[in-house]
Amino acid sequence: MPRWIFGAIAILAALSLIPFVLIARARGTKSASPRIHIIQDMDDQPKFRAQQPNSLFADGRATRPPVPGTVAYGKLAEDDHYYRGKVGTDWATTLPVQVTEPMMKRGQERFGIYCAPCHGLAGAGDGVVAMRADRLQEGTWVPPASFHTDVNRARSVGYLFNVITNGVRKMPAYGSQIPEADRWAIVSYVRALQRSQNTPVNEVPPEIQASLR
Ligand code: HEC
């Protein structure tokens with residue numbers, strides 16, 4: 001075998017390392033031009049991304065706002081009674097859902113989480129937050145209402161539902177935290193609380209009546 005063959009093999013071996021050196025360099029340096037991309041497969045196309053400007057529209061935004069009146073899938077809240085506590089223009093006087101024991105239990109639990117801190121476990125307006133605020137005596141505190149006043153006993157269920165949804169005067173709104181079904185459960189539970197504090201003796205079961213008198 002001629003000796004130059006060994007020389008040629010050595011040179012080729014050295015040259016074959018060059019691609020690896022180039023790859024290593026490409027990976028380690030920055031470039032403003034896009035990388036070599038042989039098969040395009042529609043990977044790169046002219047398009048606008050979210051938040052980019054677009055002079056085609058008067059407001060200059062590429063992201064278009066939803067068409068007015070757009071309703072998200074599954075969010076068509078058409079039933080005024082269920083979603084807003086209204087029947088026609090009046091507050092609903094009936095519940096739009098069937099009262100069941102699990103629902104009352106749920107209402108009790110949700111009431112304990114969302115209402116009792118201010119209104120108290122029995123709804124007398126003596127929750128721990130209210131007690132603490134009383135103690136601080138800062139003078140700016142509006143006490144939470146008691147549910148056991150004639151005014152609040154006379155409130156319709158639709159009105160109570162709306163108080164939870166949108167708040168009232170100094171009370172904050174809880175509509176974004178409490179789903180409709182839970183709001184109705186809480187309303188039913190508030191009704192139960194009101195009844196628990198104000199029931200004529202003749203409506204108490206007879207066997208218990210005796211022990212009351
Ligand atoms: C952060 C304390 C706070 C929480 C929590 C709270 N409330 Fe109130 N609520 C108030 C205050 C304060 C008022 C009285 C507002 C006023 O008179 O300005 C009030 C008033 C009310 C009233 C009387 C409305 C009226 O027209 O006079 C009802 C009914 C009521 N709340 C129900 C609820 C229910 C149900 C929950 C639970 C989902 C709840 N509240 C949670 C503070 C709270």
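Remember, predicted model here, so these are calculated numbers, not experimental data. Numbering starts at 1 and runs along the sequence shown. All ligand and atom numbering here is 1-based and tracks the order in the structure.
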Candidate pair Thr165 and Tyr174, rule side chain to side chain contact (heavy atoms under 4.5 Å, CB included), full reasoning
CA-CA 5 Å; Thr165 311; Tyr174 287 91; over 6 Å; no
List the steps, then state whether salt bridge (Lys or Arg N to Asp or Glu O under 4.0 Å) holds for Asp79 with Lys86.
CA-CA 9 Å; Asp79 185 349; Lys86 281 207 146 178; over 6 Å; no
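At a heavy-atom cutoff of 4.0 Å, ligand 1 is surrounded by Tyr114, Cys115, Cys118, His119, Val142, Pro143, Pro144, Ala145, Phe147, Asn152, Arg155, Tyr159, Leu160, Val163, Ile164, Val168, Arg169, Lys170, Met171, Tyr174, Ile178, Ile186.
One finds the CD atom of Gln194 at 10.5 Å from the CZ atom of Arg155 (value rounded to the nearest 0.5 Å).
For the pair Glu109 and Lys105, the salt-bridge criterion is not met [side-chain N within less than 4.0 Å of a carboxylate O].
Side-chain contact check for Val99 versus Trp184: every heavy-atom pair is 4.5 Å or farther apart.
With no hydrogens or angles considered, a side-chain donor-acceptor pair links Asp43 and His37 at under 3.5 Å.
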